[in-house]
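Worksheet for the structure shown next.
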Protein chains: 2
Amino acid sequence: MKECVFVITNDNDKSASKRDLRREQLLAIAVERFAKHGYHNTKISDIVADAGVAQGTFYWYFKSKEAIGLEIIRSGRERLLQVIAKGYRSQSGSVSEMVEGSQRLLKDIFQFADENRYFMELLLTGGEDESIRRASKETRIDMEEAFRRNIERATELGMLPGSMNLHMRAALLVSLIEGVIARWLFGPIHPNSDLARLTAEELAAETVRFEFFGLLGI
Amino acid sequence: MKECVFVITNDNDKSASKRDLRREQLLAIAVERFAKHGYHNTKISDIVADAGVAQGTFYWYFKSKEAIGLEIIRSGRERLLQVIAKGYRSQSGSVSEMVEGSQRLLKDIFQFADENRYFMELLLTGGEDESIRRASKETRIDMEEAFRRNIERATELGMLPGSMNLHMRAALLVSLIEGVIARWLFGPIHPNSDLARLTAEELAAETVRFEFFGLLGI
DNA sequence: TAAAACTGACTGACTAGTCAATCTTGAAGG
DNA sequence: CCTTCAAGATTGACTAGTCAGTCAGTTTTA
């Protein structure tokens, strides 16, 4: 196994060896092509052509096509969960503070999604290879779990009514967020909708309003 | 083109010729396999083996693999939009009447999704072949448009605040509904969640509560 | 008895993964 | 500062397997 477990370059910033750079290059090309054209429609020969290297080089860096797919999911998952974990609520506060905090979290998530759109596309819509499908599902369960903890905490702090079914609410919330991201970044976009033109911040404001107050809301 | 445009069997119910039956059989097998294993992972040889016919027979009924995929989307789209169109609001009413109406519509949609789970899976998560991806997107835009009309009508009748951005709300709502269906029927399901065990009616009740009142709601 | 339905072996295109040969790099030794 | 040389990195033609689609011939149907 040459797994190279995502070494956080300790302090010597002259890191990023030539080897790592090529690896990153191949990963970047692969994630873009997987998202744009799908896993099966992406040939290794496409990836190496884009990178300007020979077919054999790919297999110097990755064991197989499946391996690079799983690597993409794994590294994206780590970073996404870090963003969500930041939203974990530690202090009680007013409703408007809670709404603001939620909006901040959503903005961060949307920003992450925007900066990692190909990963998000793969995560939310890609499920061609069985093992990648499974890895995506696990990541999305983690995501739901992270939101469940956030809601639970907010409930403990008396900021949300205790009557609600936690898991149900988390599932509804994550459904909403995933759906919004999917529409925002990679359609299907209604021609008259200006959804795609919103910034992460604006989208977060709209979404949080719906999240807390629903269609009847303020 | 032998497109056979979904003839609504006029009145002679002795319809469903042998030919149509075989066609339906192949369609049913294909949609199930496409949803379960993906489009690319489904071989024509799998489909015909399931149906107990020879490879050549498939090509007697369908021009190509792509053709059967598009046919699946097309016929499902028609039926889905019919269900949504029934929710079009003609009469004004109280808030609770509106909520009830919305809940009824959601129940119908969830029921349809349940009865056509393979089609829904293909619609919501399938995008391996470019033309099928496009057809799915178009269908989902139609769906959003149908909901937009419903919301617009409810706003005209004074049942929803006029302040909201119509397209935005429709996009948020459809995101929520699509996400809920995806989680309900084909995961990713959090192990502790009982989402998957809900009936269409119960799910509609939960969803509509979130739809109108949000996390802070009643 | 002719059209419709069906058969299944076959083809041709495609593509993940291999491998023996070659080039590059950088450190050790002179 | 130069040479050596082994590990690291790269090459691209090749293999082996897969699979959509074909077609000449056979059986069923009405």
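As the structure is a computational prediction, the values presented were derived from the model and not from experiment.
In this model, the phosphate group of dC6(C) is not approached by any side-chain N or O of W60(B) to a distance below 4.0 Å at OP1 or OP2. A close approach under 4.0 Å does not occur between any side-chain nitrogen or oxygen of Y59(B) and OP1 or OP2 of dC6(C).
To the nearest angstrom, C1' of dA13(C) lies 11 Å from NZ of K43(A). Taking atom NZ of K63(A) as the reference point, atom P of dG17(C) lies 8 Å away to the nearest angstrom. Put simply, CZ on F58(A) is 13 Å from C1' on dT15(C), counting in whole angstrom units. Here dC19(D) presents its P atom at 16 Å from CG of D129(B), a figure rounded to the nearest Å. Here dC19(D) presents its C1' atom at 12 Å from NE2 of H40(B), a figure rounded to the nearest Å. A straight line from CD1 of I44(A) to P of dG17(D) spans 19 Å, rounded to a whole angstrom. Separating the CD atom of E66(B) from the P atom of dC19(D) is a distance of 19 Å, rounded to the nearest angstrom. Here the C1' atom of nucleotide dT15(C) and the CG atom of N41(A) are 12 Å apart, to the nearest Å.
Closest to the side chain of Q55(A), from the set dT11(D), dG21(D), dA16(C), is dA16(C). Each of dT10(D), dG17(C), dC6(C) was ranked by its minimum atom distance to the side chain of Y61(A); first place goes to dT10(D). The side chain of A54(A) sits closest to dG12(D) out of dT7(C), dG12(D), dC6(C).
With hydrogens and angles disregarded, no donor-acceptor distance shorter than 3.5 Å links the side chain of R169(A) to the backbone of I151(A).
A cation-pi arrangement is absent between K65(B) and F34(B), since the terminal nitrogen or guanidinium carbon is not both under 6.0 Å from the aromatic centre and inside a 45° cone about the axis.
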Begin with the C-alpha distance, continue with both residues' side-chain angles, and end with the deciding distance and a verdict on salt bridge (Lys or Arg N to Asp or Glu O under 4.0 Å) for R148(B) and E144(B).
CA-CA 6 Å; R148(B) 207 219 74 234; E144(B) 182 175 330; over 6 Å; no
In sequence, state the C-alpha distance, the side-chain angles, and the governing distance for E121(A) and R117(A), and then conclude on salt bridge (Lys or Arg N to Asp or Glu O under 4.0 Å).
CA-CA 6 Å; E121(A) 193 158 355; R117(A) 58 183 300 146; 5.4 Å; no
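Taking for each of T57(A) and S45(A) the nucleotide of DNA chain C with the nearest heavy atom, the 5'-most of the two is the partner of S45(A).
Side chain to side chain, Q82(A) and R79(A) fail the donor-acceptor criterion of an N or O pair below 3.5 Å.
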